[in-house]
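Input: a single structure, listed below in structure tokens.
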Amino acid sequence: MAANRPGHDAVVPVIDQLEPSLAVRHSLPAIAGLTCGPMNNNEPQCSEYVPESRLIAQRLGKADSLRDRGINPFTNQVRVDHTLADLFRLHGEKSHTELQSQAIEVSVAGRLRFFRRMGKASFLKVQDGSCQPGIKPAGQTADGRKVPPTDDLLQLLVQSDMVGAEAYELCQSFDLGDYIAASGLLMRTRTGELTVQVRRLKLLTKSLRPLPEKWHGLSDMETRFRQRYVDLIMNDRAKETLRIRFEATRLIRQFFYQRGFVEVETPMLHTTPGGAAARPFLTHHNALDLDLYLRIAPELYLKRLVVGGFERLFEIGRCFRNEGLSRFHNPEFTMVEFYQAFATFLDLMTFTEELLTYLVGEIHHGMVLTCDSHQIDFTPPWPRLTVHQAVAKYTGVDEDRLHDRGELERLAAGCALPDHDSMNTGKLLMALFDALAQPHLVQPTFVTHYPLEVSPLSRKNEADPTLVDRFELFVAGWEVANAFSELNDPVDQYMRFLDQLKAKAAGDEEAHPMDLDYIRALEYAMPPAAGEGIGLDRLAMILADAATIREVIPFPLLRPESGPTTTVE
RNA sequence: GGGGCGUUAGCUCAGCUGGUAGAGCAUCGGGCUUUUAACCCGCAGGUCGUAGGUUCGAGUCCUACACGCCUCACCA
């Protein structure tokens, strides 16, 4: 029997003495954050390990006591036959009497989250990776009453009579946070909760560090982001937010695959940081003695692939911009960028509606969601406004007058826009749009026909060469996507780069650099194409109703905990 | 980078006009064999972010610094 059930062959004996050897552990000064000393062989050198607190020292003492009795507090000998979600799905609706007559035996494992000791009986609750809101069915009392679940956890009932006095004593030393395994028969308690009546119980992994309090949990933002692992254990919402983000990534891939797009990867180390207007991170390759930039956008490499014949491609990848941080900006963020030959920006508007309604439908099972306390309806088609129309709509100024520099200046002065004298007319118009129109674009809205000056990689509009065939998508007042018909005339592109160089010389730090290899690629002819970039993080914020970009990034950038470790330049 | 707010026990938080630090939960000890934030009794736990200053005396007032949050700027 033991051979068949390796997870349960060693129900461990009593721990007689749990008193930790505190004197030894406190013989070295505690250093905040230090978790482990040097290791000379495969075994941890416990005497080098300095506990950060009395509570950790106590738990270390428990682990030592287990070892003294031949029990490995970090065993991997376990067999599990149900995740908690499986168990709830398979057996969650069964009544008290069904469970009694069927005698269903299950083996489960999870993290101990609640522990209620009642003398010779204890109620434990465990959590595993399958725990998700909505999976656990209502409880059923013996007289047929339904009791709504209060958590997503599986309850275990450990009784001294059932497991034996020694094992019962042992389990009393378990701590919240420990991983444990249990097997036994399913039952319902008096209050109707589906519960494993434990026959065998085993500690799998000792948790040395106490979890936050069960009622208030972990709410400190700094700790939540620094120690995301604790956040995910404690906060269902945090886990759900990241789950939605990862699910969105999966769905986006699926959507592109279904439409014949090839997923590609292009360099993150660039010698020329192009494809967007942003300040790059600088790094250095030692062997080549070469300064390199972390990419600010994959755009120019993706279009080189289009030249090479990958006519429908996409990349989901990290971009890096050396700019300020805010609820919408993390220095590294994820962009999904894609190109389609023989398409225009008009095609991509429809494509974008299809992609986003697919995501919203799959994740929310409907077209309406709540984001930033707005009700947002994704039912297509979405309104399309030109930049000029949008500014006109929200300022009341006649659209035709927005082509007049003086009128733009007057509006800029009216909303206290700084430094507008030095802006070219296109930049000024966009600054007005950002300040006056964008915040109103709560429902999904395409804004089209951007000024040429702010779009050095876009194809000119054939009717009005001061504009480009470009759109951005706004949702909840946030920019979510940016797309255009690609400029594929190498001479025009060269001239645009020259204009950017002039802007740079005039002090525009983010002007696009000249990229002669890109020009050379275009000289071989890039098919007419349209391309788009979607900020995956911001999209995830919308899908998950996250207040800041840090919620949808598992490990957002924070300064180091213990102050600067490098010299300030 | 500017402004505002915050940092007190493992967690969540009190701590008034300056007088040597408290609660709940968790831990530890005792009791309790169907609990649901279980309950009852008891013990322990803190270099009040760091460094200076004012004061007879600082968690509290002042200055600087560190980290975080909000906001503006920068920025998509």
Side-chain angles (χ1 to χ4, degrees), chain A residues 18-20 22 30 32 51-59 61-62 114-125 139 141-142 147-151 153 155-163 168 173 175-177 187-193 195 197 208-226 230 234 276-279 296-297 319 321-331 333 335 416 418-419 430-431 433-434 438 454 472-474 478-482 509-510 533-535 537-538 547-550 556 558-565 568:
Chain A
L18 290 179
E19 197 54 38
L22 292 176
E52 195 178 294
S53 75
R54 174 183 53 95
L55 299 174
I56 292 175
Q58 275 169 355
R59 293 187 180 203
K62 288 185 182 183
F114 286 90
F115 200 156
R116 288 186 272 273
R117 291 164 232 252
M118 317 186 61
K120 297 272 190 296
S122 295
F123 286 95
L124 288 66
K125 283 194 170 181
T141 58
V147 185
T150 55
D151 53 50
L153 311 175
Q155 180 163 265
L156 311 175
L157 171 57
V158 185
Q159 292 160 300
S160 181
D161 290 350
M162 194 67 73
V163 299
Y168 191 77
S173 77
D175 287 294
L176 297 179
M187 58 166 286
R188 283 192 188 278
T189 59
R190 203 171 279 166
T191 53
E193 179 152 356
T195 299
Q197 187 171 32
L208 297 180
R209 197 172 278 269
L211 288 171
E213 183 220 340
K214 62 191 168 192
W215 186 240
H216 298 93
L218 177 65
S219 58
D220 179 70
M221 295 274 264
E222 182 172 352
T223 312
R224 286 190 51 228
F225 296 141
R226 281 195 201 284
V230 185
M234 299 303 296
R279 267 179 291 192
I296 56 174
C319 295
R321 297 190 183 174
N322 204 341
E323 314 275 6
L325 288 76
S326 78
R327 63 184 286 224
F328 299 108
H329 300 85
N330 194 64
F333 64 100
M335 186 117 90
D419 302 329
M430 289 319 298
F433 170 84
D434 290 346
Q438 180 175 338
V454 299
E472 292 190 339
L473 172 67
F474 294 87
W478 311 343
E479 183 205 334
V480 172
N482 177 24
E509 283 187 44
E510 284 158 5
I534 298 176
D537 313 274
R538 288 196 192 163
T548 91
I549 199 168
R550 289 186 286 274
L558 297 174
R559 290 184 142 101
E561 267 177 277
S562 45
T565 51
V568 182

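If you're wondering where the values come from, they're calculated on a predicted model, not measured in any experiment. When reading the values below, keep in mind they use all heavy atoms of this one structure, side chains included, and skip hydrogens, waters and symmetry mates.
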Interatomic distance at [atom1], [N] relative to [M], whole Å:
{"N": "B:U55", "M": "B:A44", "atom1": "C1'", "answer": "34 Å"}
{"N": "B:C69", "M": "B:G10", "atom1": "C1'", "answer": "22 Å"}
{"N": "B:G46", "M": "B:A23", "atom1": "C1'", "answer": "14 Å"}
{"N": "B:A9", "M": "B:G49", "atom1": "C1'", "answer": "15 Å"}
{"N": "B:U63", "M": "B:U71", "atom1": "P", "answer": "26 Å"}
{"N": "B:C48", "M": "B:C32", "atom1": "P", "answer": "41 Å"}
{"N": "B:A26", "M": "B:U12", "atom1": "P", "answer": "16 Å"}
{"N": "B:C67", "M": "B:C28", "atom1": "P", "answer": "36 Å"}

Distance check, rounded to the nearest 0.5 Å: [X] atom [atom1] versus [Y] atom [atom2]?
{"X": "A:F114", "Y": "A:L124", "atom1": "CZ", "atom2": "CG", "answer": "11.5 Å"}
{"X": "A:D175", "Y": "A:Q58", "atom1": "CG", "atom2": "CD", "answer": "8.5 Å"}
{"X": "A:Q159", "Y": "A:Q197", "atom1": "CD", "atom2": "CD", "answer": "5.0 Å"}
{"X": "A:E222", "Y": "A:R559", "atom1": "CD", "atom2": "CZ", "answer": "11.5 Å"}
{"X": "A:N330", "Y": "A:D537", "atom1": "CG", "atom2": "CG", "answer": "7.5 Å"}

Atom [atom1] of [X] and atom [atom2] of [N]: how far apart are they, to the nearest Å?
{"X": "A:E52", "N": "B:U27", "atom1": "CD", "atom2": "C1'", "result": "16 Å"}
{"X": "A:Q155", "N": "B:U33", "atom1": "CD", "atom2": "P", "result": "17 Å"}
{"X": "A:R188", "N": "B:U36", "atom1": "CZ", "atom2": "C1'", "result": "15 Å"}
{"X": "A:D175", "N": "B:C28", "atom1": "CG", "atom2": "C1'", "result": "11 Å"}
{"X": "A:L176", "N": "B:U27", "atom1": "CG", "atom2": "C1'", "result": "10 Å"}
{"X": "A:Y168", "N": "B:C32", "atom1": "OH", "atom2": "P", "result": "10 Å"}

*If you pin A:L218 and A:A276 to their nearest nucleotides in RNA chain B, which one's is more 5'?*
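Taking each residue's closest nucleotide, the earlier one in sequence belongs to A:L218.
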*Return the 5'-most residue of the pair A:E472, A:T150 with respect to RNA chain B, ranking by each residue's nearest nucleotide.*
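Nearer the 5' end of the strand: A:T150.
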*Does a distance-only test, which skips hydrogens and angles, find a donor-acceptor pair under 3.5 Å between the side chain of A:E213 and the base of B:G24?*
yes
*Is A:T191 side chain donor-acceptor paired with the B:U34 base, going by distance under 3.5 Å alone?*
no
Ignoring the backbone of [X], work out which of [options] is nearest its side chain.
{"X": "A:F123", "options": "B:U33, B:A26, B:U35", "result": "B:U35"}
{"X": "A:E193", "options": "B:U35, B:U33, B:A37", "result": "B:U35"}
{"X": "A:P210", "options": "B:G10, B:U34, B:U36", "result": "B:G10"}

Which pair of heavy atoms, one from [X] and one from [Y], lies closest together, and at what distance?
{"X": "A:S122", "Y": "A:Y168", "value": "OG-OH, 2.7 Å"}
{"X": "A:P556", "Y": "A:R550", "value": "CB-CG, 3.5 Å"}
{"X": "A:F328", "Y": "A:I549", "value": "O-CD1, 3.5 Å"}
{"X": "A:L208", "Y": "A:R59", "value": "O-CD, 3.3 Å"}

Is there a donor-acceptor pair closer than 3.5 Å between any side-chain N or O of [X] and the backbone N or O of [Y]?
{"X": "A:T195", "Y": "A:E193", "result": "yes"}
{"X": "A:R327", "Y": "A:A547", "result": "yes"}
{"X": "A:R321", "Y": "A:I296", "result": "yes"}
{"X": "A:R538", "Y": "A:E479", "result": "yes"}

Are [X] and [N] close enough that a side-chain N or O sits under 4.0 Å from OP1 or OP2?
{"X": "A:S219", "N": "B:U12", "result": "yes"}
{"X": "A:R190", "N": "B:U35", "result": "yes"}
{"X": "A:K120", "N": "B:U34", "result": "no"}

Using Watson-Crick or G-U wobble geometry with both distances under 3.5 Å, which nucleotide pairs with [N]?
{"N": "B:C11", "value": "B:G24"}
{"N": "B:C69", "value": "B:G4"}
{"N": "B:A64", "value": "B:U50"}
{"N": "B:G45", "value": "none"}
{"N": "B:U35", "value": "none"}
{"N": "B:C16", "value": "none"}

*Could you tell me whether A:G535 contacts a base, only the sugar-phosphate backbone, or nothing, with contacts defined as non-hydrogen atoms closer than 4.0 Å?*
nothing
*Hey, does A:M187 reach any base, or is it just sugar-phosphate, or nothing, if we go heavy atoms under 4.0 Å?*
base
*Taking C-beta and beyond as the side chain, do A:L218 and A:T223 meet within less than 4.5 Å on heavy atoms?*
yes
*Heavy-atom side-chain proximity of A:T191 to A:Q155 below 4.5 angstrom*: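 Counting from C-beta outward, A:T191 and A:Q155 never come under 4.5 Å.
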N/O contacts under 3.5 Å, protein versus nucleotides 38-46 of chain B?
residue, atom, partner, partner atom, Å
B:A38, OP1, A:K214, NZ, 2.4
B:A38, OP2, A:R116, NH1, 2.1
B:A38, O5', A:R116, NH1, 3.3
B:A38, N6, A:R117, O, 3.0

Identify the pairs formed between an N or O of the protein and an N or O of nucleotides 72-75 of chain B at a distance under 3.5 Å, and give each distance.
residue, atom, partner, partner atom, Å
B:C74, O2', A:R279, NH2, 3.1
B:C75, O2, A:H329, NE2, 2.5

Is there any protein nitrogen or oxygen under 3.5 Å from a nitrogen or oxygen in nucleotides 68-70 of chain B, and what are the pairs?
residue, atom, partner, partner atom, Å
B:G68, OP1, A:R559, N, 2.7
B:G68, O4', A:E222, OE1, 3.0
B:C69, OP1, A:R550, NE, 3.2
B:C70, OP2, A:R550, NH2, 2.8

